[in-house]
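For clarity, every value in this text was computed on a predicted model and none was experimentally measured. Below, all heavy atoms of this structure are taken into account, side chains as well, without hydrogens, waters or symmetry copies.
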Protein chains: 2
Amino acid sequence: MTIKTPGQPARGSSSGRPIMVLLDVLGQRWVLRILWELRAERLRFRELQARCDGVSPTLLNQRLKQLRTLEIVDADDDGYGLTSSGVALGKELSRLNDWAERWKTSLQ
Amino acid sequence: MTIKTPGQPARGSSSGRPIMVLLDVLGQRWVLRILWELRAERLRFRELQARCDGVSPTLLNQRLKQLRTLEIVDADDDGYGLTSSGVALGKELSRLNDWAERWKTSLQ
DNA sequence: AGAGTTGCTACATTTTATGTAGCAATCCTC
DNA sequence: GAGGATTGCTACATAAAATGTAGCAACTCT
């Protein structure tokens with residue numbers, strides 16, 4: 001498992017521009033969901049797994065490792081949570097929630 | 001290929017809440033990138049493919065179909081582009097770009 | 001008519017994710 | 001301080017998804 005950081009090229013991209021790294025990371029299955037679930041509170045591994053509809057522990061651990069390397073998520077005695085960067089990113093996810101509510105309305 | 005819409009349950013989620021559908025859609029490989037590339041201009045299939053680092057046409061088509069069903073992307077004689085909902089979502093992606101720039105700085 | 005471009009589809013191969021079992025370490029209760 | 005529960009994982013076989021390449025039918029432009 002190699003983990004990309006901004007400055008290094010992302011999966012698909014040749015540039016290494018931070019946004020490309022970010023789109024690449026967030027575009028991996030469960031990553032958005034993990035951040036969403038950690039947005040409000042710190043969670044232990046098994047509780048986070050449960051909230052992510054029972055995602056396999058293999059994958060959850062893989063993603064958490066990556067998000068910790070990227071300093072978006074951290075871990076302590078109380079479990080996993082967002083770093084200060086992560087919190088800011090979480091706020092952007094809340095905006096996506098607002099967008100999604102409007103979207104639902106417009107789809108009807 | 002089944003395509004979820006808000007109101008119906010998402011891949012992992014049992015709820016069908018719009019945000020869950022959205023996180024599910026955006027969390028699929030290449031979706032964020034496709035939206036990012038369409039943010040500034042309409043693109044034809046092959047041009048979009050090229051900008052997405054040569055993503056396979058199979059997958060690109062699959063994603064575009066889904067995004068059209070969800071009324072985030074549309075298509076006309078000039079190729080593919082964002083709907084009005086899509087444009088609003090694109091603006092959120094621009095905010096992610098800002099976040100990513102700050103993130104890069106803080107990682108050094 | 002011939003060459004180029006369009007938006008795809010088919011399909012074999014490779015990569016990723018899932019699901020289940022289980023293990024070693026810590027914690028809590030008695 | 002023994003027994004049970006909970007912790008954070010790892011292993012591994014199976015299933016699902018993505019990749020890469022080839023190519024086709026419809027259109028356009030000489």
Visitor: How about A:V55 and A:L48: do any of their side-chain heavy atoms sit closer than 4.5 Å?
Guide: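 No - every pair of side-chain heavy atoms lies 4.5 Å or more apart.
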Visitor: Write down the distance between CD (B:Q28) and P (C:dA17), rounded to a whole number of angstrom.
Guide: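 Distance check: B:Q28 CD to C:dA17 P gives 13 Å.
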Visitor: CG of B:D78 versus P of C:dT6: gap in Å, rounded?
Guide: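 Taking atom P of C:dT6 as the reference, CG of B:D78 is at 13 Å.
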Visitor: Please check this pair: side chain of B:R44 against backbone of B:D77, looking for a donor-acceptor N/O pair closer than 3.5 Å.
Guide: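 Such a contact is found between B:R44 side chain and B:D77 backbone.
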Visitor: Rounded to whole Å, please give me the gap between CZ in A:R29 and P in D:dA16.
Guide: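 A:R29 atom CZ is separated from D:dA16 atom P by 11 Å.
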Visitor: Under 6.0 Å from the six-membered ring centre of B:W30 and within 45° of its axis: does the NZ or CZ of B:R33 meet both?
Guide: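 Checked: cation-pi criterion not met.
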Visitor: Determine yes or no for a side-chain-to-main-chain donor-acceptor pair under 3.5 angstrom, with A:R95 supplying the side chain and A:E92 the backbone.
Guide: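 Checked: no pair found.
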Visitor: What's the CG-C1' distance between A:D76 and D:dG8, to the nearest Å?
Guide: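 The distance from CG of A:D76 to C1' of D:dG8 comes to 14 Å, rounded to the nearest Å.
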Visitor: Assess whether a salt bridge exists between B:R42 and B:D74, defined as any Lys/Arg side-chain N lying under 4.0 Å from an Asp/Glu carboxylate O.
Guide: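 A salt bridge links B:R42 with B:D74.
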Visitor: Which whole-number value in Å describes the distance from B:Q62 CD to D:dA18 C1'?
Guide: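 Checked: the CD to C1' distance equals 9 Å.
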Visitor: Please state how far atom CG in B:D77 lies from atom C1' in D:dT28, giving the value in whole angstrom units.
Guide: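 Checked: the CG to C1' distance equals 13 Å.
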Visitor: Between D:dA18 and B:R63, is there an OP1 or OP2 to side-chain N/O distance shorter than 4.0 Å?
Guide: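 B:R63 to D:dA18 OP1/OP2: side-chain N or O found under 4.0 Å.
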Visitor: Side chain of A:S56 only, heavy atoms from C-beta on: which candidate in C:dG22, C:dT16, C:dT18 is closest?
Guide: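 Selected nucleotide (nearest to the side chain): C:dT18.
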Visitor: Nearest-Å distance, CH2 (B:W30) to P (D:dA17)?
Guide: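 Interatomic distance, CH2 of B:W30 to P of D:dA17: 18 Å.
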Visitor: Could you check how far CZ of B:R44 sits from P of D:dT28, rounded to whole Å?
Guide: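 So the CZ-P distance, B:R44 to D:dT28, works out to 11 Å.
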Visitor: Whether the side chain of A:W99 engages the backbone of B:S85 through a donor-acceptor N/O pair (distance < 3.5 Å, no angle test) should be reported.
Guide: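 Yes, A:W99 side chain to B:S85 backbone: donor-acceptor pair under 3.5 Å.
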Visitor: Tell me whether B:Q28 contacts the main-chain N or O of B:V25 through its side chain, where contact means a donor paired with an acceptor under 3.5 Å.
Guide: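 It does hold such a pair.
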Visitor: Extract from the structure each pairing of a protein N or O with an N or O of nucleotides 10-12 of chain D at less than 3.5 Å, listing the distance.
Guide:
residue : atom : partner : partner atom : Å
D:dT10  : OP2  : A:N61   : OD1          : 2.5
D:dA11  : N6   : A:T58   : OG1          : 3.2

Visitor: Using a heavy-atom cut-off of under 4.0 Å over every strand shown, decide if A:R46 touches base, sugar-phosphate, or nothing.
Guide: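 Result for A:R46 = base.
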